[in-house]
Amino acid sequence: MERLLPWLSEKRPEIVCLQETKCVDEAFPREPIEELGYSLVTFGQRTYNGVAILAKGGIEDVIRGFGDERFDDEARVIGATVEDVMVLNLYVVNGQSVGSESYDFKLSWLERLRDFVRERYDLAEKVVLLGDYNVTIDDRDVHDPELWKGRILCSAPERAALQALMAEGYSDPLRKFTEEAGHHTWWDFRTRGFQRGRGLRIDHALLSPPALEACTAFEVDREARDGAKPSDHAPVIVTLD
DNA sequence: ATGGTGGGTTCCCCA
């Protein structure tokens with residue numbers, strides 16, 4: 001909250017999606033956010049996971065989870081409509097390491113996400129599928145592709161699962177503006193990755209065709225990753241006209 | 001192949 005509130009005041013985004021809130025809904029600190037003119041919806045649990053949507057406009061048609069008991073005991077999905085934009089906010093399973101039980105769960109989870117998206121959303125609408133995907137799209141998202149080759153966040157099956165979602169009709173807006181590598185969104189605390197400039201791009205905002213058409217800017221707010229007690233992620237800011 | 005840092009809870013787990 002010490003970092004979010006000043007950031008909200010400075011940037012004033014229309015919609016903000018949070019992941020890893022690690023907080024039950026009853027305990028969520030709503031008032032300081034509402035005082036800044038935002039309404040919010042949350043889907044949280046103690047210690048792990050948790051997602052929230054904040055918006056200056058009205059938040060409607062809220063959904064929590066996939067509606068599938070195999071996945072919904074972990075609070076990783078919240079969706080809503082804000083004006084003409086349908087938002088799905090995701091905290092994708094990390095997967096720990098390639099071949100682990102958690103990794104298999106991650107691949108199943110991504111498959112379920114694809115089915116959910118196919119069932120729920122109309123590609124003729126402005127749809128934004130965003131959040132911490134815990135997957136790099138390709139090697140341009142990796143500071144050192146040789147080092148990361150085949151590892152968690154970069155393995156071929158994870159990327160294939162993300163590609164399958166994108167193949168439903170959702171595009172990475174960064175590639176509307178540039179083909180260059182970089183634009184990292186996450187840096188590991190353990191290796192002091194941010195200080196060393198060794199990051200990954202694992203946070204994405206995938207857009208339906210009308211949303212992509214309306215998209216006029218893409219930015220990673222690296223400043224928000226700096227300073228005292230930062231998140232290990234930097235916010236991705238996508239502008240739709 | 002390993003460990004490093006950080007947060008939150010419990011003396012360990014997850015990222």
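No experiment lies behind these values; they were computed from the predicted model shown. A, B, ... follow the sequence lines: proteins, then strands. Residue 1 opens every chain.
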- Task: Run the salt-bridge test on A:Asp141 and A:Arg159 with the 4.0 Å N-O cut-off and return the result as yes or no.
- Result: no
Grab the [atom1]-[atom2] distance between [X] and [N] for me, whole Å please.
{"X": "A:Arg46", "N": "B:dG7", "atom1": "CZ", "atom2": "C1'", "result": "14 Å"}
{"X": "A:Gln45", "N": "B:dT9", "atom1": "CD", "atom2": "P", "result": "12 Å"}
{"X": "A:Glu20", "N": "B:dC14", "atom1": "CD", "atom2": "C1'", "result": "9 Å"}

- Would you say A:Lys229 reaches B:dG7's phosphate, i.e. side-chain N/O to OP1/OP2 under 4.0 Å?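 Looking at the OP1 and OP2 atoms of B:dG7, one of them is under 4.0 Å from a side-chain N or O of A:Lys229.
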- Message: Once salt bridge (charged side-chain N to carboxylate O under 4.0 Å, His left out) is applied, what residue pairs with a partner in residues 63-86 of chain A remain, sequence neighbours excluded?
- Response: A:Asp68-A:Arg70, A:Asp68-A:Arg112, A:Glu74-A:Arg76, A:Asp84-A:Lys126
- Are any non-hydrogen side-chain atoms of A:Leu18 and A:Leu54 less than 4.5 angstrom apart?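 The answer is yes; the side chains approach within 4.5 Å.
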- Item | For DNA chain B, the residues among residues 90-99 of chain A that have a non-hydrogen atom under 4.0 Å from it |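 A:Tyr91, A:Asn94, A:Gln96, in order of number.
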Which pairs, protein N/O on one side and nucleotides 2-5 of chain B N/O on the other, fall under 3.5 Å?
residue : atom : partner  : partner atom : Å
B:dT5   : O4'  : A:Phe189 : O            : 3.2

- Message: Parallel, tilted or perpendicular, judged at 30° and 60°: which one describes the rings of A:Trp186 and A:His233?
- Response: tilted
- Task: Return the nearest nucleotide to the side chain of A:Tyr48; candidates are B:dA15, B:dC14, B:dT9.
- Result: B:dC14
- Using the C1' atom on both, measure B:dA15 against B:dG4 and round to a whole Å.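 Approximately 13 Å lies between the C1' atom of B:dA15 and that of B:dG4.
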